[in-house]
Amino acid sequence: MNHPDTNQSAPDALPSDFFTRPTLTVARELIGKQFIFHDESRWQALEINEVEAYDGMNDKACHAHVGRTKRSEVMFLPGGIWYVYLCYGIHWLANLVTGPEDYPAAVLIRGAGRFDGPGKLTKAVGMTGKINRSPVSPDSGFYVADAPAVPKSHIQRTPRIGIDYAGPVWAKKPYRFVLSRPKKNRIKSP
DNA sequence: GGGAGGATGGAT
DNA sequence: TCCATCCTCCCA
């Protein structure tokens with residue numbers, strides 16, 4: 001028995017074999033899962049509501065499309081670790097490495113909880129490049145916990161954001177997944 | 001050793 | 001639409 005404030009246990013983490021599956025499958029299933037981080041001596045949860053898949057060396061928007069570099073080599077590792085890099089010199093972006101070893105792929109977390117935007121999310125939870133290559137587990141302070149599956153009808157697929165440089169074919173791939181629950185019927189005021 | 005460009009976000 | 005700001009990559 002854990003007191004919620006003083007001796008709170010960490011929610012169960014998704015196992016690493018959740019992440020070693022194909023990137024698009026992982027991206028789709030991450031919608032609705034809980035992004036867990038440690039803050040002020042307790043574990044906090046945010047519902048993941050927007051992600052993007054970056055899938056292998058053929059994907060011109062994927063950082064690994066040019067092969068192994070100092071930045072991209074983390075994507076060649078087995079799924080289940082963090083890939084955190086600095087974007088535009090200002091924003092840290094949080095990615096979950098996916099797929100088997102030697103297949104470079106990752107899922108960018110673009111939104112969770114009330115935080116809208118990949119740079120804002122990392123800033124809000126205090127995530128930086130120090131987390132790069134760390135396991136997606138309570139040990140690193142940042143991980144993902146299970147949650148009931150979101151029905152397909154509540155997930156919107158669109159092209160990815162900010163990757164026009166990847167050319168029309170890859171820029172148009174519907175690799176972005178957004179949670180879009182139907183609006184509840186509002187109770188009208190009398 | 002230098003220069004260009006980028007998976008953003010906030011102000012204009 | 002502009003631009004802050006800096007790491008990585010590529011080309012000398």
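The sequence lines fix the lettering, A, B, ..., with proteins before strands; numbering per chain opens at 1.
- By the salt bridge (charged side-chain N to carboxylate O under 4.0 Å, His left out) test, A:Glu52 pairs with A:Arg110, sequence neighbours left out.
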Shorter than 3.5 Å, N or O on both sides, protein versus nucleotides 9-12 of chain B: list them out with atom names.
{"residue": "B:dG9", "atom": "OP1", "partner": "A:Gly117", "partner atom": "O", "Å": "3.3"}
{"residue": "B:dG9", "atom": "OP1", "partner": "A:Pro118", "partner atom": "N", "Å": "3.0"}
{"residue": "B:dG9", "atom": "OP1", "partner": "A:Gly119", "partner atom": "N", "Å": "2.6"}
{"residue": "B:dG9", "atom": "OP1", "partner": "A:Lys120", "partner atom": "N", "Å": "3.1"}
{"residue": "B:dG9", "atom": "O4'", "partner": "A:His91", "partner atom": "NE2", "Å": "3.4"}
{"residue": "B:dG10", "atom": "OP2", "partner": "A:Lys120", "partner atom": "NZ", "Å": "3.3"}

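- Between A:Leu93 atom CG and C:dC7 atom C1' the separation is 13 Å, expressed in whole Å.
- Put simply, A:Phe177 and A:Ile163 are part of two different groups of oily side chains (I, L, V, M, F, W, Y) that touch within less than 4.5 Å, one to the next.
- Listed by chain and number, the hydrophobic cluster partners of A:Met57 are A:Phe76, where partners are ILVMFWY side chains within reach of under 4.5 Å, directly or through others.
- Shown here are the side-chain hydrogen bond (donor to acceptor under 3.5 Å, both in side chains) partners of A:Arg157, two or more places apart in sequence or in another chain: there are none.
- The OH atom of A:Tyr85 sits 13 Å away from the C1' atom of B:dG5 (whole-angstrom rounding).
- No continuous path of hydrophobic side-chain contacts links A:Leu93 to A:Val144 [ILVMFWY only; heavy atoms under 4.5 Å].
- Hydrophobic clustering (ILVMFWY, side-chain heavy atoms < 4.5 Å, transitive): A:Leu108 and A:Val74 are in one cluster.
- Residues satisfying the ring-ring contact (aromatic ring centres under 6.0 Å, His included) test with A:Trp43, not counting sequence neighbours, are A:His38, A:Tyr143.
- Rounded to an integer number of Å, the gap from A:Trp82 CH2 to B:dA7 C1' is 15 Å.
- Of the residues in residues 44-73 of chain A, those with a non-hydrogen atom less than 4.0 angstrom from any atom of DNA chain C are A:Thr69, A:Lys70, A:Arg71.
- Rounded to whole Å, atom P of B:dG6 lies 16 Å from atom CD1 of A:Ile161.
- To the nearest 0.5 Å, atom CG of residue A:Leu96 and atom OG1 of residue A:Thr23 are 11.0 Å apart.
- Aromatic ring pairs are classed by plane angle as parallel below 30°, tilted from 30° to 60° and perpendicular above 60°; the pair A:Phe35 and A:Trp82 is perpendicular.
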| field | Intra- and interstrand pairs of DNA chain C - dot-bracket, Watson-Crick/G-U under 3.5 Å, | marks other strand | value | ||||.||||||.
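- Listed by chain and residue number, A:Asp59 satisfy the salt bridge (charged side-chain N to carboxylate O under 4.0 Å, His left out) test with A:Arg160 (two or more places apart in sequence, or in another chain).
- In this structure A:Thr25 satisfies the side-chain hydrogen bond (donor to acceptor under 3.5 Å, both in side chains) test with no other residue, sequence neighbours excluded.
- Annotation: salt bridge (charged side-chain N to carboxylate O under 4.0 Å, His left out) contacts of A:Arg21 (sequence neighbours excluded): A:Glu29.
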Distance-only donor-acceptor hits, side chain of residues 115-131 of chain A, under 3.5 Å, sequence neighbours excluded:
{"residue": "A:Thr122", "atom": "OG1", "partner": "A:Trp92", "partner atom": "O", "Å": "2.5"}
{"residue": "A:Thr122", "atom": "OG1", "partner": "A:Gly119", "partner atom": "O", "Å": "3.0"}
{"residue": "A:Thr128", "atom": "OG1", "partner": "A:Lys130", "partner atom": "N", "Å": "3.2"}

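- Within residues 162-179 of chain A, the residues having any heavy atom under 4.0 Å from DNA chain B are, by residue number, A:Gly162, A:Ile163, A:Tyr165.
- Taking atom CG on A:Asn95 and atom P on B:dT8, their separation rounds to 11 Å, with Å as the unit.
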